[in-house]
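Read the structure below first, then the notes.
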Amino acid sequence: MAIAKKINQIVEAFELWRKNRVSRRSATPQALRQQAVDLLEHCSSSKVTAMLRISGTQLKQWREAVEPSPTSSDFIRLPGQGAREPVANEHLSVELRLCNGAALTLSGDISQAFLVAMIQEVRS
């Protein structure tokens with residue numbers, strides 16, 4: 001479906017909902033919210049808000065509800081300084097996979113100091 005046709009259908013759906021809603025304070029249906037957020041893939045937020053006659057605040061709230069921001073559980077914290085070092089016979093395996101398909105695998109007797117040095121080198 002051409003994007004212009006899709007946009008027109010969404011605009012018409014919003015207008016139909018406005019015409020048939022019980023009151024001006026009626027919540028926007030979830031399906032319409034999702035369609036508005038989906039338009040952001042093709043149009044700027046200012047164009048979406050103008051076409052659909054919604055506020056920027058509404059669109060931002062809907063986008064955040066559909067695409068929640070990453071939570072702290074997405075981040076894996078490495079032990080800080082002062083954490084125990086692996087004992088000499090402790091086997092450690094670390095695998096890093098990047099979204100471009102590259103991978104790095106380390107295994108064996110790897111110290112925390114070695115991992116910290118590698119991370120610092122990559123950051124620089």
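Computed from a predicted model, the values in this text were never measured in an experiment. Along the sequence shown, residues are numbered consecutively beginning with 1.
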Legend entry - Single-linkage hydrophobic cluster Val48~Ile3, side-chain heavy atoms < 4.5 angstrom: yes
Legend entry - For Ser107, all residues meeting side chain to side chain donor-acceptor pair (under 3.5 Å), sequence neighbours excluded: none
Inset, instruction - With rounding to the nearest 0.5 Å, note down the distance linking CD in Gln61 to OG in Ser55. - result: 7.0 Å
Inset, instruction - Please identify each residue that fulfils salt bridge (Lys or Arg N to Asp or Glu O under 4.0 Å) with Glu95, with sequence neighbours left out. - result: Arg97
Legend entry - Gap separating the CZ atom of Phe14 from the NZ atom of Lys19, nearest 0.5 angstrom: 16.0 Å
Inset, instruction - Could you note down all residue pairs passing salt bridge (charged side-chain N to carboxylate O under 4.0 Å, His left out) where residues 22-36 supplies at least one of them, sequence neighbours left out? - result: none
Legend entry - Partner residues of Thr57 under the side chain to side chain donor-acceptor pair (under 3.5 Å) criterion, sequence neighbours left out: none
Inset, instruction - Grab the two heavy atoms, one from Leu52 and one from Ala36, that are nearest each other, plus how far apart they are. - result: CD1-CB, 3.6 Å
Legend entry - Exercise: identify the closest heavy-atom pair between Leu59 and Val37: CD1-N, 4.3 Å
Legend entry - Reported CG-to-CE distance for the pair Asn8 and Met51, which is rounded to 0.5 angstrom: 9.0 Å
Legend entry - Residues in side-chain contact (heavy atoms from CB on, under 4.5 Å) contact with Ala13, at least two apart in sequence or another chain: Leu32, Gln35
Legend entry - Test item: Ser45 and Leu40 side chains (from C-beta on) under 4.5 Å apart, heavy atoms: yes
Legend entry - Within residues 43-56 or reaching into it, pairs that qualify as salt bridge (charged side-chain N to carboxylate O under 4.0 Å, His left out) - sequence neighbours excluded: Glu15-Arg53
Inset, instruction - State which residues pass side chain to side chain donor-acceptor pair (under 3.5 Å) with Asp38; sequence neighbours excluded, sorted by chain then number. - result: Gln34
Legend entry - Distance-minimising heavy-atom pair for Ala27 and Trp17: O-CZ2, 3.5 Å
Inset, instruction - For residues Cys43 and Ile7, report the shortest heavy-atom separation together with the two atoms involved. - result: SG-CD1, 3.7 Å
Inset, instruction - Output yes when a side-chain donor or acceptor of Gln9 lies under 3.5 Å from a complementary backbone atom of Lys6, and no otherwise. - result: no
